[in-house]
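Only one structure is covered here, and it is reproduced in the block below.
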Amino acid sequence: MKIELKEVAEKLKAANNIIVTAHINPDGDAIGSSLALTQILKSMNKQVRVFIDDVLPPNFAILPQIKIIESSNETDEKEILADLLVVLDTQTDRIGNVLKLVKAPILNIDHHITNEGNNVDWLYLNANAAATCEIIFELSKLLPVTLTEEIAHCLYTGLATDTGFFNYANTKPNTLRAAAALIEAGVKPNVIAEEMERKSLSDFTGLVETLKTVQFFYDGKVAGLFVNEAIAHLVDSTEGFIDLVRVIDGVEVAFLLTCKAENFCRVSMRSRTVDVSAIARSLGGGGHIRAAGCTIKAPFDEAKKIIIEAIGKALNG
Ligand code: AMP
Ligand code: MN
Ligand code: MN
């Protein structure tokens, strides 16, 4: 059932024992919104645990309280009973084992237009919000909390990373108002920007190798980058790789295909014109009109054919 933000606040106030989670392959918005909401709820004297069922990219290590994030893969608990499971920045199909482990009604808070609210008790979806962190910022105004510098740091990180540091089309006046309030609460934008831009030497080497793989399709309207198995061993994170080809003149859709495991590939897409969320959805993924992704369970070369064909169809049709 779709609900309003006011009702989200009421549900959170009414619950005492809350589990917070977000999507696997976590980004700044998933991690930032989870940590911010957890700290908000703790300040309201709730019992809260936060689970993200994946490796956390090293760039997020400076986020306040990042160490409280647990992985359900590392617990012996057979089940966790709670009053509420809050799923952030995704629908429930990308939260890993948490979905099975936690027995609680599900409250889903998201900004992905592709979220259909399947298998959740309540969905608050605001596709106009640039980031789930923007929603949590609005939500905090409806709760008896003060935004500490730590909470603000987490929220700003999600806002900044989901908007390409306030460059993408999802950056709205409200996004910048939220960012301004977070800076007033003590956030240092330059510190967060520097930390997000930081790259390990092996990620840098992986980036150089990845850029050499660039290929153009459909008269240069599509650019692809390929993190094959050998390159995948070099890189911890491919964050930002795609941005270097999406800017090439004439490119309408950029994609990055990453080999994650045998017969398991990840696709990231960015677009200037075409609705890439529809392409992602047609392959079982999702996202936004200009930034979307999916996974393809096939060998690398086959996944490459599948994604090029799917983008071609969208371009021509
Ligand atoms: P990324 O390319 O990983 O930065 O993802 C771009 C956008 O698409 C983000 O908003 C993601 O949350 C979304 N997205 C990426 N992969 C998937 C997926 N497999 N299923 C649903 N949404 C996805
Ligand atoms: Mn995300
Ligand atoms: Mn997001």
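One-based numbering, in listed order, for ligands and for the atoms of each.
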Flag [X] as yes if one of its N/O/S atoms falls below 2.8 Å of the Mn ion (ligand 3), otherwise no.
{"X": "H111", "value": "yes"}
{"X": "D89", "value": "yes"}
{"X": "D29", "value": "yes"}

Exercise. Below 4.0 angstrom from a heavy atom of G287, which ligand 1 atoms are there? Numbered from 1 as shown, please.
Key: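 Going through ligand 1 atom by atom, the ones under 4.0 Å from G287 are 8 (O), 13 (C), 22 (N).
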Self-check item: D162: its N/O/S atom lying closest to the Mn ion (ligand 3) (atom name)
Solution: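 This turns out to be OD2.
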Quiz item: Side chain, backbone, both or neither: which part of S268 has a heavy atom under 4.0 Å from ligand 1?
Solution: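 Near ligand 1, S268 shows its backbone as well as its side chain.
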Quiz prompt | Region of R266 engaging ligand 1 - heavy atom pairs below 4.0 Å | solution =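 Under 4.0 Å from ligand 1, R266 contributes side-chain atoms alone.
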Please write down residue, atom name and distance for the protein heavy atom closest to [atom].
{"atom": "atom 9 (C) of ligand 1", "value": "H112 NE2, 3.8 Å"}
{"atom": "atom 17 (C) of ligand 1", "value": "G293 O, 3.2 Å"}
{"atom": "atom 8 (O) of ligand 1", "value": "A292 CA, 3.2 Å"}
{"atom": "atom 7 (C) of ligand 1", "value": "A291 O, 3.4 Å"}
{"atom": "atom 19 (N) of ligand 1", "value": "C294 CA, 3.4 Å"}

Quiz item: Between R246 and D243, does at least one N-O distance fall below 4.0 Å, as a salt bridge requires?
Solution: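 The answer is yes: the pair qualifies as a salt bridge.
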Quiz item: Would you call E302-K305 a salt bridge at under 4.0 Å N-O?
Solution: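 K305 and E302: not salt-bridged.
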Exercise. Determine which of the N, O or S atoms in D27 is closest to the Mn ion (ligand 2) and give its atom name.
Key: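 Output for this pair reads OD2.
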Quiz prompt | Short N or O distance, G286 and ligand 1, threshold 3.5 Å exclusive | solution =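 Looking only at distances, the answer is yes, because the N/O contact criterion of under 3.5 Å is met.
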Quiz item: Should H288 be counted as touching ligand 1, given the test is an N or O pair under 3.5 Å?
Solution: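 Such a contact does occur with ligand 1.
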Between [X] and [Y], a side-chain donor and acceptor under 3.5 Å:
{"X": "Q65", "Y": "K42", "value": "no"}
{"X": "D110", "Y": "N115", "value": "yes"}
{"X": "E77", "Y": "T75", "value": "yes"}

Self-check item: Option passing side chain to side chain donor-acceptor pair (under 3.5 Å) with H111 (candidates N128, N170, D162, N126)
Solution: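 Between H111 and the candidates, side chain to side chain donor-acceptor pair (under 3.5 Å) is satisfied uniquely by D162.
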Practice problem: With side chain to side chain contact (heavy atoms under 4.5 Å, CB included) as the test, would you mind laying out the steps for L63 and I31 before giving the verdict? | Solution: CA-CA 9 Å; L63 283 193; I31 301 172; 3.8 Å; yes
Quiz item: Looking only at non-hydrogen atoms, which of E239, M269, R270 approaches atom 5 (O) of ligand 1 most closely?
Solution: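 Residue with the shortest heavy-atom distance to the ligand atom: R270.
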Exercise. Apply side chain to side chain contact (heavy atoms under 4.5 Å, CB included) to the pair L147 and F137, showing each step before the final yes or no.
Key: CA-CA 9 Å; L147 278 189; F137 172 75; 3.6 Å; yes
Self-check item: More than 12 heavy atoms from other groups under 6.0 Å of CG on N174
Solution: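 Yes, because the 6.0 Å sphere around CG of N174 holds more than 12 heavy atoms from other groups.
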Exercise. Could you grab the distance from atom CD1 of I306 to atom CD1 of I311, nearest 0.5 Å is fine?
Key: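 It is 12.0 Å, given to the nearest 0.5 Å.
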